Amino acid sequence: MGVVDSGTVGRTNQTVDRTNIHRLWRLVLIVIALGVATACYFAPILLIAIGVLAVLLLCARLIYRGRDRYIPNLYARDIRVYDDEYQAFIRRSLPEIRSQKIPGHPLLWEASRLPEPTTENSDELLLDLGVWIGWSTRLTSDASGRTVYGFDTFEGLVEDWQIEDQFLIKQGTFSLSDPLAKRFIHDTGVTLQDGVPATLGRKVQYVKGSTYDTLAPFLAERPQAPIRLFHMDLDTYESCLHGLETCKDHFVEGSILVFDEYLVTNGEMRAFFEFQNRYGLEWRYRSWGLEVGEMNAEMVTAPWKRAMYYLAAITMHLLDGRYLWKFLTKRYWRFWLGAPIGDIAFMLGAAGLRKSVSLEITGLGKLDPTRR
Ligand SMILES: C[S@@+](CC[C@H](N)C(=O)[O-])C[C@H]1O[C@@H](n2cnc3c(N)ncnc32)[C@H](O)[C@@H]1O
C-alpha cells in the first residue's frame with residue numbers, strides 16, 4: 001500500500017502541508033514505545049504479557065468476521081444498513097481509496113498539482129464550498145497560485161449534520177460569532193469586513209450566503225467556465241448534493257473534486273454516490289488524507305500559542321482515545337480486529353481525522369453535452 005509523496009508548491013517552493021502536529025504526535029508515540037521497552041527491560045514479565053496479548057490479538061483477527069463492513073473513519077456503522085447498490089459502491093471504493101494514501105491534506109496536495117495559471121486556463125474555476133474563517137480558501141490559492149472563490153453563510157451550518165448514527169451537529173454551528181471561531185480569528189490574524197473574512201493579500205473572493213441561494217447565480221454569470229477544483233466542506237449530505245447538482249454543467253474531464261468528510265457514509269460519500277450514479281459519471285480516486293480544517297491551527301501566528309494548540313489537539317486526541325484505550329466500545333474492537341494493518345498504522349499515525357478524499361472526473365456520462 002503506497003504512501004504518495006506530499007506535494008510541494010512549485011510557485012513558492014514551500015511544502016504545502018504543514019503537518020507539524022502529526023510529527024509531534026509520532027514523537028509522543030515513540031516516547032510511549034520507548035517507555036514500554038524500558039519497562040520490559042527492567043520487568044521482563046511485561047514482555048511475556050505483551051507477547052501473549054499480541055498472539056491473542058492475531059488469533060482474534062483471524063477469526064473475526066466483520067471485515068469490510070465498517071468504514072475507516074469511525075468504525076461505527078455497519079454498512080449493511082444501506083441498500084445493496086450503495087454497499088457495493090462502498091466496498092468497491094475502499095480498496096481504491098486505500099491505495100491512494102497521502103500523509104497530508106488532499107485539498108492542498110491537489111491545489112499544488114494544478115497547472116500553472118496561464119491566460120488559457122484563466123477562466124477555470126476553483127471553488128471552496130464551506131470556508132469558515134477562510135484559511136482553506138487562502139491556502140488553496142497559495143498552493144495553486146490561482147484565484148479561489150469561497151462560499152459560506154459565515155453564520156454556520158444551514159441544516160443539522162447527523163454523522164453516521166454517532167453525533168448530531170446542530171444547524172448554526174461554525175458561525176463566525178461562535179467563541180471558537182472568534183478565538184481562531186484572533187489567533188490567526190484574520191479580520192472581518194462586513195461579516196466576511198479578509199483576503200489577507202491572497203487571490204480569493206468570498207461569497208456570503210447559503211449556497212442554496214448564491215451558487216447558481218454565481219455560475220450563471222460564468223456560463224462557460226469549467227470547474228477545475230471543487231472543494232466540498234459544507235459537511236451535510238443535503239448541501240453537498242445540492243452543490244454537486246448546481247455545479248454539474250461546469251464539470252469537465254479532469255475536474256478535481258475534493259471531499260473533506262468523504263468517509264462519513266451518510267453524508268458526502270452518499271451524496272457523491274447518488275450524483276455519479278444519476279449521470280453515469282466516470283472518475284478515479286486520487287488521494288486519501290487529512291481534513292484541511294486542522295490547518296487553522298498551523299496558521300496561528302505566535303509560535304508559543306501554536307505549540308499550545310498542538311498540545312491541546314494531541315491531549316484531546318489522547319483523551320478521545322477512539323482507537324487507543326476505549327476498549328469497552330465496539331468501535332475499538334472493530335478497528336483492532338477488522339481494519340487492514342495498513343489502515344491501523346495510517347489512522348494511528350495522525351493526531352487528527354483522516355477522512356478527506358480527492359477524485360478526478362474522467363468521463364462525463366450523461367453530463368457530456370454531446371450525449372444529451
Ligand atoms: C467545517 S466548516 C468549513 C471549514 C473550512 N473549510 C476550514 O478548513 O477551516 C463548514 C462551513 O460550511 C458552512 N456551510 C454549511 N452549509 C452551508 C451552505 N449550505 N451554504 C453556505 N455555507 C454553508 C458553515 O457556515 C461552515 O462555516
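Treat the numbers as computed from the prediction; the structure is a model and nothing was measured. Atoms within a ligand are numbered from 1 in the order they appear, just like the ligands themselves.
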Looking only at heavy atoms, what is the nearest atom pair of Trp135 and Asn296, with distance?
CD1-OD1, 3.4 Å
Are the aromatic ring centres of Phe89 and Tyr82 under 6.0 angstrom apart?
no
Mind running side chain to side chain donor-acceptor pair (under 3.5 Å) on Asn73 and Glu164 for me, showing each step along the way?
CA-CA 10 Å; Asn73 176 39; Glu164 308 290 4; 5.4 Å; no
Nearest non-hydrogen protein atom, atom 14 (N) of ligand 1
Leu234 CD2, 3.7 Å
Which of the ligand 1 atoms, numbered from 1, are nearer than 4.0 Å to a heavy atom of Gly130:
3 (C), 5 (C), 6 (N), 11 (C), 12 (O)
Could an N or O of ligand 1 be found under 3.5 Å from any N or O of Asp152, whether backbone or side chain?
yes
Ligand 1 N/O within reach of Asn296 N/O, cut-off under 3.5 Å:
yes
Going through the distances and angles, do His105 and Glu294 end up as a side chain to side chain donor-acceptor pair (under 3.5 Å)?
CA-CA 9 Å; His105 307 84; Glu294 66 174 37; 2.9 Å; yes
When you measure from atom 22 (N) of ligand 1 to every protein heavy atom, which one gives the shortest distance, and what is it?
Thr153 N, 3.1 Å
Less than 4.0 angstrom from a charged side-chain N to a carboxylate O is my criterion; do Arg222 and Asp123 meet it?
no
Does this structure show an ion pair linking Lys208 with Glu155, if we count only N-O contacts that are shorter than 4.0 Å?
yes
Quick one, Tyr310 with Glu298, criterion side chain to side chain donor-acceptor pair (under 3.5 Å). Give me CA distance, side-chain angles, the key distance, then yes/no.
CA-CA 9 Å; Tyr310 294 159; Glu298 294 284 349; 2.8 Å; yes
For ligand 1, note which part of Val131 has a heavy atom under 4.0 Å away: side chain, backbone, both or neither.
backbone
Using a 4.0 Å cut-off to any heavy atom of Tyr212, which atoms of ligand 1 qualify?
19 (N)
Atom indices of ligand 1 within 4.0 angstrom of Thr211 heavy atoms, with elements:
18 (C), 19 (N), 20 (N), 21 (C)
Polar atom proximity, His231 to ligand 1 (N or O, under 3.5 Å):
no
Look at ligand 1 and say whether Gly243 reaches it with a heavy atom at a distance under 4.0 Å.
no
Considering only heavy atoms of Asp235, which atoms of ligand 1 have at least one such atom less than 4.0 Å away?
1 (C), 10 (C)
When you check the gap from the basic side-chain N to the acidic O, do Arg306 and Asp187 get nearer than 4.0 Å?
no
Numbering as shown, the atoms of ligand 1 that approach Leu157 to under 4.0 Å (heavy-atom distance)
15 (C), 24 (C), 25 (O)
Assess whether a salt bridge exists between Arg146 and Asp128, defined as any Lys/Arg side-chain N lying under 4.0 Å from an Asp/Glu carboxylate O.
no
Is the shortest N/O to N/O distance between Thr173 and ligand 1 below 3.5 Å?
no
Going by heavy-atom distance to atom 2 (S) of ligand 1, choose the closest among Thr140, Asp233, Val158.
Asp233
If you count the atoms of ligand 1 from 1 in the order shown, which ones are under 4.0 Å from a heavy atom of Gly156?
24 (C), 25 (O)
Counting only heavy atoms closer than 4.0 Å, does ligand 1 sit against the backbone of Trp135, its side chain, both, or neither?
neither
Classify the ring geometry of Phe272 against Trp283: parallel below 30°, tilted from 30° to 60°, perpendicular beyond 60°.
perpendicular
CZ (Arg61) with more than 12 external heavy atoms under 6.0 Å:
yes
Going by distance only, is there an N or O of Glu155 that falls short of 3.5 Å from an N or O of ligand 1?
no
Quick check with a 6.0 Å cut-off and a 45 degree axis cone: is Arg322 positioned over the face of Phe335's six-membered ring?
no
Do ligand 1 and Asp128 have nitrogen or oxygen atoms that lie under 3.5 Å from each other?
no
Quick one: which ligand 1 atoms are inside 4.0 Å of a heavy atom on Val292?
8 (O)
